[in-house]
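In what follows, chains are A, B, ... by sequence order, proteins preceding strands, each numbered from 1.
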Amino acid sequence: MNYQYTSEFRQALVEWFKKEHRDLPWRHTKDPYKIWVSEVMLQQTRVDTVIPYYNRFMDKYPTSESLAYAAEEELLKMWEGLGYYSRVRNLQAGVREVVETYGSKVPDNRHDISKLKGVGPYTAGAILSIAYGKPEHAVDGNVMRVLSRVLNIDADIALPKTKKIFEDAVMELIDPENTSAFNQGLMELGALICTPTSPKCLLCPVRDFCTAFQEGDPTTLPVKSKKVKTKNIDFDVLVIRDSEGRFLMEKRAETGLLANMWQFVMIERVKDANSFAQAQQRYNLVLDDNLAVPIDSFKHVFSHLKWLIDSYLVDCLQAPEQLPINMKFFTKDQIEQIPMPVPMLKIWGKIK
DNA sequence: AAAGCGTGGAA
DNA sequence: TTTCCAAGCTT
């Protein structure tokens, strides 16, 4: 963009945002902690999904101190259904560091804030510009889409190195007097007007500055390569019930997929193998497998893989005195307090 | 640099 | 149904 137009672009964008922005819960505060929480929740997650989680989270953890020392199990339960569960563990680690080494004051510079767990280039810039009014870039998918069109940038946004082009562009364009409205304006524009398909160019406040609009078809940008095909895995999920009506659950590993979440017993279904026999052998159980009752069969799609699940309710006739430390029989009431991933919630919903 | 990491909504 | 996501970060 010709440099002489940047002030007009800034003004058009900022004024549009101040007039047309949505009324969202996290837009009623400048508390860096609350902005931080909202930004982490919004990572790869839709606004409509986040709103009820954000409100519940702020009711429970209104300050950084209240979050810093919350029990991880309770925290995961608050995050249940939001996905990307490592976000909340990193968030707590970062908040705890702020409480313990920064006197509960979120750092106001990129160098320090970027060292906090779970705070990457985008989140750092968002907190700095929205809560502190600092002229810092906050480049997300919206910003890359909007600016690729406005500035006619055809670099592949799937490549990590491409992001610097947009960060540099934002630093050239940003309104130093309205950093919050400018950065949020770019994102709001991407969410409401400059959408991936069918952009509403006739309503766009920066249409006059948009190269792609002038060229005719903004939807040709951005350029984005890379599509990953998901891998399929078959599982039998065994809802194992003991004589007291309790259910056997196991806690997943501390890292990786659905870390630290609880699940019913899962056995990968292998050709010609009996999952009930596998479970009995692996955990030293005696199951009434002749009377197993099918519960549900469904698929659950992750970003990079797909679970094909058959689930069964089966009674446990005998269990060892000492189960592995990550396994336990829980009552119905206890299960309601345990963080479970969505596919397990779906099964639980059928039998509780 | 590329892959791993959730979920539900929309085209 | 299938595809592509939506205010990314970590390893």
For B:dG8 and A:Thr45 - does any side-chain N or O of the residue sit under 4.0 Å from the phosphate oxygens OP1/OP2? no
Please classify the nucleic acid contact of A:Thr123 as base, sugar-phosphate, or nothing, using heavy-atom distances under 4.0 Å. sugar-phosphate
Output the single nucleotide from B:dG6, C:dC9, C:dC5 whose closest atom is nearest the side chain of A:Gln44. B:dG6
I need the CD1-P distance between A:Ile113 and C:dC9, as an integer number of Å. 11 Å
Calculate the interatomic distance between A:Tyr54 atom OH and C:dA6 atom P; express it in whole Å. 23 Å
So, is A:His300 near the phosphate of B:dT7, with a side-chain N or O under 4.0 Å from OP1 or OP2? yes
Rounded to whole Å, how long is the line connecting atom CZ of A:Arg87 with atom P of C:dC9? 11 Å
Among the candidates B:dT7, B:dC5, C:dC9, find the nucleotide nearest to the side-chain atoms of A:Phe302. B:dT7
Can A:Arg10 and A:Asp175 be counted as an ion pair, charged N to O under 4.0 angstrom? no
Using whole Å, report how far CG of A:Asn232 lies from C1' of C:dT2. 13 Å
With the threshold set at 4.0 Å, does a side-chain nitrogen-carboxylate oxygen contact exist between A:Lys77 and A:Glu80? yes
Name the nucleic acid region contacted by A:Val119, choosing base, sugar-phosphate or nothing; use a 4.0 angstrom heavy-atom cut-off, strictly under. sugar-phosphate
Rounded to whole angstrom units, what separation is found between the OH atom of A:Tyr53 and the P atom of B:dG6? 13 Å
Assert: residue with more 5' nearest nucleotide on DNA chain C, out of A:Leu116 and A:Leu24, is A:Leu24
Can you list the steps and then say if A:His300 with A:Phe298 is a ring-ring contact (aromatic ring centres under 6.0 Å, His included)? CA-CA 7 Å; A:His300 185 79; A:Phe298 59 95; 7.4 Å; no
Base, sugar-phosphate alone, or nothing: which one does A:Arg252 contact when heavy atoms must sit under 4.0 Å apart? nothing
To the side chain of A:Lys224, which of C:dC5, B:dT7, C:dG8 is closest? C:dC5
Any base atoms under 4.0 Å from A:Gly81, or only sugar-phosphate, or nothing? Heavy atoms, all strands. sugar-phosphate
Measure CE/A:Met187 against C1'/C:dG8 and give the value in whole Å, please. 12 Å
Strictly below 4.0 Å, N to O, side chains only: are A:Arg27 and A:Asp23 in salt-bridge contact? no
Hey, which sits more toward the 5' end of DNA chain C by its nearest nucleotide, A:Lys117 or A:Val47? A:Val47
Toward the 5' end of DNA chain B, which comes first, A:Met261 or A:Lys161, by nearest nucleotide? A:Lys161
Nearest to the A:Arg145 side chain among C:dG8, B:dC5, C:dA6, which nucleotide is it? C:dA6
Do A:Lys30 and A:Ile35 come close enough that some side-chain heavy atom pair is under 4.5 Å? no
Do side-chain atoms of A:Glu65 reach the backbone of A:Ser104 as a donor and acceptor pair under 3.5 angstrom? no
What nucleotide, of B:dA2, B:dC5, C:dG8, holds the atom closest to the side chain of A:Tyr122? C:dG8
Round to a whole Å and report the spacing from CE of A:Met144 to P of C:dC5. 11 Å
Give a yes or no answer on whether the side chain of A:Arg87 reaches the backbone of A:Gly118 with a donor-acceptor pair at less than 3.5 Å. no
Just to be sure I understand the rule, does A:Trp26 reach a base, reach only the sugar-phosphate, or reach nothing, if contact means heavy atoms closer than 4.0 Å? base
Under 4.0 angstrom between A:His304 side-chain N/O and B:dC5 OP1 or OP2: yes
Whole-Å C1' distance, B:dC5 and C:dA6: 15 Å
Using a cut-off of 4.0 Å on non-hydrogen atoms, how would the nucleic acid contact of A:Leu82 be classed: base, sugar-phosphate, or nothing? base
Using the side-chain heavy atoms of A:Arg46, tell me which of these nucleotides is nearest: C:dA6, B:dA2, B:dG6. C:dA6
C:dA6 OP1/OP2 closer than 4.0 Å to side-chain N/O of A:Tyr84: no
Between CG of A:Asn260 and P of B:dC5 the distance, given in whole Å, is 14 Å
Please pick, from B:dG6, C:dT2, C:dC9, the nucleotide with the shortest atom-to-atom distance to any side-chain atom of A:Lys299. C:dT2
Select from A:Thr197 and A:Leu305 the residue whose nearest nucleotide in DNA chain B is closer to the 5' end of that strand. A:Leu305
For C:dT11 versus B:dG6, give the span between their P atoms, rounded off to a whole number of Å. 14 Å
